[in-house]
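Heads up: the structure comes next, in structure tokens.
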Amino acid sequence: MSGFNIVDRYLAEHDELPDAFVAANDLMAFGAIARLKTAGYQIPRDVIVTGYDHSAFATIHRPGLTTVERGEKECGSTAYGLLESFIRYGIWQDSVVIEGKAVFNGSCGCEDINAFAPEKLSEVYVMRGLRQNNKHHYLKLLMAEATGLHSFDDFLNAAKTFLPLINPKEMYICIKGDKKEYLLELNNAAENIPYGRDISDYMDNTSVTVAWKEGRFLPPRVIATSDLIPKDYIREDRFNVYLFQPLHHQERCFGYVVYANDVETIVNDPFVSMFSLIISSALETILRQDTMRTIMGKLDKMSTTDGLTGVMTRAGAREKWPELQMRTEVQGMKTGVIFADLDGLKKVNDKYGHEEGDRYIVMVSDIMKKLPLRDGFVYRYGGDELVAVCSVSSEEEVQEYIAQINASVDEYNKRNPIAYTSRVSLGYCVSAGRDLDELIRIADKKMYVDKKKAKS
């Protein structure tokens, strides 16, 4: 998780700041500082922030970042020496500790004892070009932040946080299609269905998801792609300059970014291409994660939902049972279980085919799904067995459910005259404090009593 997100979560969950935020690397520290600044805090007056890496940007960041120099060169040369010693002389040393070196700076309130000499500092400023414009500083923070994004909402929040800091004159982030088309694409990807269109091309509609103009955000909207930007955003009383930069990852097109009326930035500033690259990379990461979540959701549904009837599977019932059990106990209720077995299903399958047998199963499951179960659920226990579980206050409630099932099956037989008669053997159990398996065993025994009674 990025430093920006960690601090954001901390601020949401705590009223007071800690003594310090100690980041695992400098990029996380920069993200933490950016979030603290947007919340109105000053570093190090209000809180200390430290990093780990001693990146080139740590010293010329303001305030200078207290960090740790890792000693990569010493580590590399030591490793080489150990290998050489082993290869030449057979001497092996398991490990050598390379001590890090603390680099104190302004972010901890320490005196800058590692300050560059003026000529060296000047050289770094020229080499990096970091003082040309503050937006390059925030661009680096955005780059670090983008690695921790998990959803499109995260992306929008990051964009809305950093754009006021970068403060371009005018900028629009336009994503092709709309949310409905995006969800359809996720679903198709999860089911390995071909896209049916060229993913490198644009769609008829484009969503202007982020619009920044004259120091404020404008509401998101959907436009015809041929319009490029909303027509009412264009000022006709002046000469306008627009740069359209595509957002894409390999062959996939996501949309485009519009930079407007900032000729110096458009012509000379590498910010434009870097910003578009960061957004494209973030969108690809989010798409992959959304696709994976969709796939996992479908797999989870397949494991917990019966494909034929739409009721739960036994695995789904096991997940749901603790919640129902807790509610039943809290409300001082009892648990009611109805065990249903479809009579003659094998004969129906053998004589009329499995398609007719499936209709038989679906008919009974639909009847049981329509029962007004309190806090309850229905699941498929076996090929021809269904179970309903619910909270009840008395045995009479369960008996009423059973009467409704029998009446609905009789009504189905009357409305749908077929060569066989549908019938369901039913058993039930009402109890408190028992586990689900025990309740089912009791209901199952009563179901067999009902089945024998029908045969006699």
Side-chain angles (χ1 to χ4, degrees), residues 38 133-135 138-139 142-143 145-146 149 151-186 195-249 251-287 290:
T38 61
N133 197 311
N134 281 337
K135 63 175 173 284
Y138 292 116
L139 191 63
L142 177 59
M143 187 183 303
E145 181 68 16
L149 302 179
S151 68
F152 195 72
D153 285 340
D154 287 346
F155 166 76
L156 292 179
N157 290 334
K160 290 178 180 179
T161 298
F162 280 94
L163 273 184
L165 300 175
I166 298 169
N167 196 22
K169 289 185 178 179
E170 196 173 340
M171 180 184 292
Y172 310 104
I173 301 176
C174 305
I175 308 299
K176 70 176 185 180
D178 54 28
K179 188 172 183 179
K180 181 180 179 181
E181 290 167 320
Y182 182 70
L183 293 176
L184 177 61
E185 184 168 314
L186 288 179
Y195 291 112
R197 60 174 181 79
D198 185 356
I199 62 173
S200 66
D201 201 0
Y202 293 92
M203 294 181 178
D204 293 337
N205 294 326
T206 293
S207 299
V208 185
T209 55
V210 179
W212 175 265
K213 185 177 182 181
E214 297 173 355
R216 65 187 182 93
F217 287 105
L218 302 176
R221 59 203 291 187
V222 177
I223 61 170
T225 303
S226 57
D227 289 341
L228 296 178
I229 64 172
K231 294 179 179 179
D232 55 315
Y233 288 0
I234 301 173
R235 287 183 55 177
E236 297 183 357
D237 60 340
R238 70 181 186 192
F239 180 76
N240 296 286
V241 178
Y242 296 99
L243 172 66
F244 294 83
Q245 186 120 19
L247 297 174
H248 66 92
H249 183 270
E251 76 279 5
R252 181 184 298 279
C253 170
F254 291 109
Y256 52 90
V257 182
V258 184
Y259 306 90
N261 298 315
D262 189 347
V263 176
E264 182 178 352
T265 297
I266 290 173
V267 174
N268 298 318
D269 204 328
F271 162 81
V272 170
S273 57
M274 288 185 64
F275 187 79
S276 300
L277 184 63
I278 291 169
I279 295 176
S280 296
S281 179
L283 290 173
E284 173 65 15
T285 299
I286 291 167
L287 175 62
D290 281 348

(request) Considering non-hydrogen atoms only, spot the tightest contact between Y256 and T225 and give its length. (result) OH-O, 4.4 Å
(request) Check whether any side-chain heavy atom of T209 sits under 4.5 Å from a side-chain heavy atom of L156, and report yes or no. (result) yes
(request) Write down the atom of F155, the atom of A282, and the distance for their closest heavy-atom approach. (result) CD1-CB, 4.4 Å
(request) Would you indicate whether the side-chain heavy atoms of L287 and R252 approach each other to under 4.5 Å? (result) yes
(request) Heavy atoms only: give me the nearest A159-P164 pair and the separation to one decimal. (result) O-CD, 4.3 Å
(message) Please check this pair: side chain of S280 against backbone of S276, looking for a donor-acceptor N/O pair closer than 3.5 Å.
(response) yes
(message) A side-chain contact here means heavy atoms from C-beta on lying under 4.5 Å apart; do Q245 and I279 qualify?
(response) no
(request) For C174 and L247, work out which heavy atoms get closest and say how close. (result) O-CD1, 4.3 Å
(request) May I ask you to test the F152-I175 pair for a side-chain heavy-atom distance under 4.5 Å? (result) yes
(request) Answer yes or no: is there a donor N or O on one side and an acceptor on the other, between the side chain of K176 and the main chain of D201, under 3.5 Å? (result) yes
(request) Grab the two heavy atoms, one from E284 and one from F254, that are nearest each other, plus how far apart they are. (result) OE1-CZ, 3.3 Å
(message) So which atom in G177 and which in S207 form the shortest heavy-atom distance, rounded to 0.1 Å?
(response) O-OG, 2.6 Å
(message) Among F217, F275, F162, Y259, which residue satisfies the ring-ring contact (aromatic ring centres under 6.0 Å, His included) criterion with W212?
(response) F217
(request) Compare all side-chain heavy atoms of D154 with those of S151 and state whether any distance is below 4.5 angstrom. (result) yes
